[in-house]
Number of protein chains: 2
Amino acid sequence: MELTKSMEDYLESIYILKKQKRYVRIKDIVEKFNIAAASVTEAMLKLSKKNLVEHEKYGYIDLTEKGMEEARRVYSRHKILYKFLKNILLVSEGNSENDACEMEHIISKESYEKLVKFCDFVNKDTDTSSLLDKFHNSIDSKEGSCNDNGGDKMKNKRLNELKLGETGIILKIEGDKKLRKRLMDMGMLPGTDVKIVKVAPLGDPIEMKIKGFHLTIRKEDAKNILIED
Amino acid sequence: MELTKSMEDYLESIYILKKQKRYVRIKDIVEKFNIAAASVTEAMLKLSKKNLVEHEKYGYIDLTEKGMEEARRVYSRHKILYKFLKNILLVSEGNSENDACEMEHIISKESYEKLVKFCDFVNKDTDTSSLLDKFHNSIDSKEGSCNDNGGDKMKNKRLNELKLGETGIILKIEGDKKLRKRLMDMGMLPGTDVKIVKVAPLGDPIEMKIKGFHLTIRKEDAKNILIED
DNA sequence: TAAACTTATTAGGTGAGCCAAAATAGGAGG
DNA sequence: CCTCCTATTTTGGCTCACCTAATAAGTTTA
């Protein structure tokens, strides 16, 4: 199907309006989005051609079964995103709503499903609520730790500087060609996630998990791998 | 400033490429996004005019101080979203990356900051990790509970059907005009969040929290308020 | 029932962001 | 120094999602 963000927005708003008003007309959508009526008329024409909406000239607007499905798909994403932002992260109502409105169009099915499970889990598990309270308290107190961008310049580490249990993403591999090739053959490509799983007594060698399997390299070699975390 | 998604993407990619390559050229960006070189040339022109990028014809591309700031703002959002999706929700690498790539442009400052704190909290608090493990285990086992859209039709409840502690969003208020006006004057407008905080023995009256203050209404009246959760 | 008002449609136009094809610049090797 | 190849720019065109202004269809009301 592949709908644009706008088209999804129109379908979703028709869906919501119909729950409240029984009859939806061009004007309702105009008011909802604050756009020119001409734009809505045009959009309804397009959606009609795609069999997502029924709309005869100067008449009421309705969703087809297909349109309903799409609208529900989008709206269910909206709701879970809103809940997560509002109730778990304690984002303000306005920002939760706006962010949910945008993210609903782009979140993948997998992320959506995992987020549903996460919210479910937080709701049902009793241990979680006290922990969540703890988190909510901590939000207000310490205002630090959050570098929007200013301040420290996000300087990069090298692989040997990562501590046990830490994770990072490979940014770049330095050193001579031979070494670079050898490391890359082992799966160390820029963009790959690594996690340090064991460090020998003197910090050498270092064992890491990469692409699901374990890999051990010498500290000397690790110095050639730039990491960002 | 108000940059479009595309422009933010270009800035971000230049930022990342420069960390890896020292010199960034049109071709690098072409390869990164798989678009025509003409589009990149055009975009660089626009960014130059906005003083975000330095680029002389047929030469190297560099970020100005201002461009660097913007790039870092976007990139820091990317990283935290990726981490959250990948490490907390256990979304696959590909989807985490793609979703982060899109969401980075739209997430509000507040949501971003709260998400940073949340990830921080999860990392530092030791109680959390065991709980997170519990969540991660639960992900694989129960595959249910996640209605993408099919199946149940998201039917709406009425306010009196909400249980203690549950939350919902007001969808619509029915009943005669007088009642509707009275309820709306108390702040019950469509779109408002409510949370049930107390229910008297026979389910009447019902006390709820709405817009920060408490409100008590009769069960009879609550039946007129449609809720979606 | 016709004027007055509201709502919707048509027509024509804009900017963003992409494209293909043609023209041009820069660098490497003969 | 010229030729060839690749990288870049120019040109002209396309779609999407908006817009304004003019027109037409419904609706209300005197």
Side-chain angles (χ1 to χ4, degrees), chain A residues 1-14 17-18 20-63 67 70-71 74 98 101-102 104-106, chain B residues 1-14 17-18 20-63 67 70-71 74 98 101-102 104-106:
Chain A
M1 179 59 51
E2 277 316 291
L3 292 166
T4 62
K5 167 185 151 41
S6 284
M7 293 303 146
E8 285 185 354
D9 273 333
Y10 289 124
L11 291 177
E12 188 188 21
S13 73
I14 296 167
L17 284 166
K18 248 220 328 279
Q20 306 174 326
K21 305 200 48 172
R22 194 172 310 281
Y23 295 123
V24 182
R25 304 220 255 85
I26 295 283
K27 197 199 164 205
D28 299 315
I29 301 175
V30 164
E31 280 165 5
K32 185 137 186 167
F33 291 114
N34 254 301
I35 58 177
S39 311
V40 178
T41 302
E42 192 188 337
M44 291 309 116
L45 230 167
K46 274 189 195 167
L47 289 172
S48 294
K49 280 186 188 151
K50 290 189 186 233
N51 266 307
L52 294 161
V53 145
E54 276 167 32
H55 177 227
E56 45 186 54
K57 277 189 185 173
Y58 298 96
Y60 296 125
I61 297 166
D62 213 336
L63 294 172
E70 292 297 323
V74 175
N98 288 338
C101 264
E102 299 288 329
E104 66 190 13
H105 304 292
I106 57 188
Chain B
M1 178 59 50
E2 279 315 290
L3 291 166
T4 62
K5 167 184 150 41
S6 284
M7 293 304 147
E8 286 185 354
D9 272 332
Y10 288 125
L11 292 176
E12 188 188 20
S13 73
I14 295 168
L17 284 166
K18 249 220 326 281
Q20 305 174 327
K21 304 200 50 172
R22 195 172 310 279
Y23 295 123
V24 182
R25 305 223 254 83
I26 296 283
K27 198 195 164 209
D28 298 315
I29 302 175
V30 164
E31 279 164 5
K32 185 136 188 167
F33 292 114
N34 252 300
I35 59 177
S39 311
V40 178
T41 302
E42 192 188 338
M44 291 308 117
L45 229 166
K46 276 189 194 167
L47 289 172
S48 295
K49 281 188 188 150
K50 290 189 187 235
N51 267 306
L52 294 161
V53 147
E54 276 167 31
H55 178 225
E56 45 187 52
K57 278 188 184 174
Y58 298 98
Y60 297 127
I61 297 167
D62 212 335
L63 294 172
E70 292 298 323
V74 175
N98 289 338
C101 264
E102 299 288 329
E104 66 190 12
H105 304 294
I106 59 188

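Chain A is the first sequence line, chain B the second, and so forth, proteins listed ahead of strands; every chain is numbered from 1.
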Original post:
Quick one, which residues of residues 26-35 of chain B touch DNA chain D with a heavy atom under 4.0 Å?
Top reply: B:Ile26, B:Lys27
If you define the side chain from C-beta out and look only at heavy atoms, does anything of [X] sit under 4.5 Å from [Y]?
X	Y	answer
A:Ile106	B:Ile106	yes
A:Lys50	A:Lys46	no
B:Leu17	B:Ile61	no
A:His55	A:Ile26	yes
B:Asp62	B:Val24	no
B:Leu11	B:Val74	no
B:Lys18	B:Leu63	yes

Original post:
With sequence neighbours excluded, what pairs up with B:Glu12 under the salt bridge (Lys or Arg N to Asp or Glu O under 4.0 Å) test?
Top reply: none
Original post:
Among all residues two or more places apart in sequence or in another chain, which pass the salt bridge (Lys or Arg N to Asp or Glu O under 4.0 Å) test with B:Lys32?
Top reply: none
Taking only side-chain nitrogens and oxygens of [X], does any of them come within less than 4.0 Å of OP1 or OP2 of [N]?
X	N	answer
A:Arg25	C:dA8	yes
B:His55	D:dA7	no
A:Thr4	D:dA17	yes

**OP:** Take nucleotides 20-27 of chain C nucleotide by nucleotide from the 5' end and write B, S or -, depending on whether a protein heavy atom sits under 4.0 Å from the base, only from the sugar-phosphate, or from neither.
**Re:** B---BS--
Distance-only criterion, 3.5 Å: show the donor-acceptor pairs between side-chain atoms of residues 3-10 of chain A and protein atoms not counting sequence neighbours.
{"unit_1": "A:Thr4", "atom_1": "OG1", "unit_2": "A:Met7", "atom_2": "N", "d": "3.3"}
{"unit_1": "A:Lys5", "atom_1": "NZ", "unit_2": "A:Asp9", "atom_2": "OD2", "d": "2.9"}
{"unit_1": "A:Glu8", "atom_1": "OE1", "unit_2": "A:His105", "atom_2": "ND1", "d": "2.7"}
{"unit_1": "A:Glu8", "atom_1": "OE2", "unit_2": "A:Arg73", "atom_2": "NH2", "d": "3.1"}
{"unit_1": "A:Asp9", "atom_1": "OD1", "unit_2": "A:His105", "atom_2": "NE2", "d": "2.8"}

To the nearest Å, give me how far apart [atom1] ([X]) and [atom2] ([N]) are.
X	N	atom1	atom2	value
A:Lys5	C:dA16	NZ	P	18 Å
B:Leu47	C:dG17	CG	P	9 Å
A:Glu42	D:dC16	CD	P	10 Å
A:Ile61	C:dT7	CD1	P	14 Å
A:Met44	C:dT7	CE	C1'	15 Å
B:Lys50	C:dG15	NZ	C1'	12 Å

Original post:
Does anything in residues 6-14 of chain B reach DNA chain C, meaning a heavy atom under 4.0 Å, and if so which residues?
Top reply: B:Ser6, B:Met7, B:Tyr10
**OP:** Output the single nucleotide from D:dT9, C:dC18, D:dC19 whose closest atom is nearest the side chain of B:Ala37.
**Re:** D:dT9
**OP:** To the nearest 0.5 angstrom, please state how far the OH atom of B:Tyr58 sits from the OG1 atom of B:Thr41.
**Re:** 8.5 Å
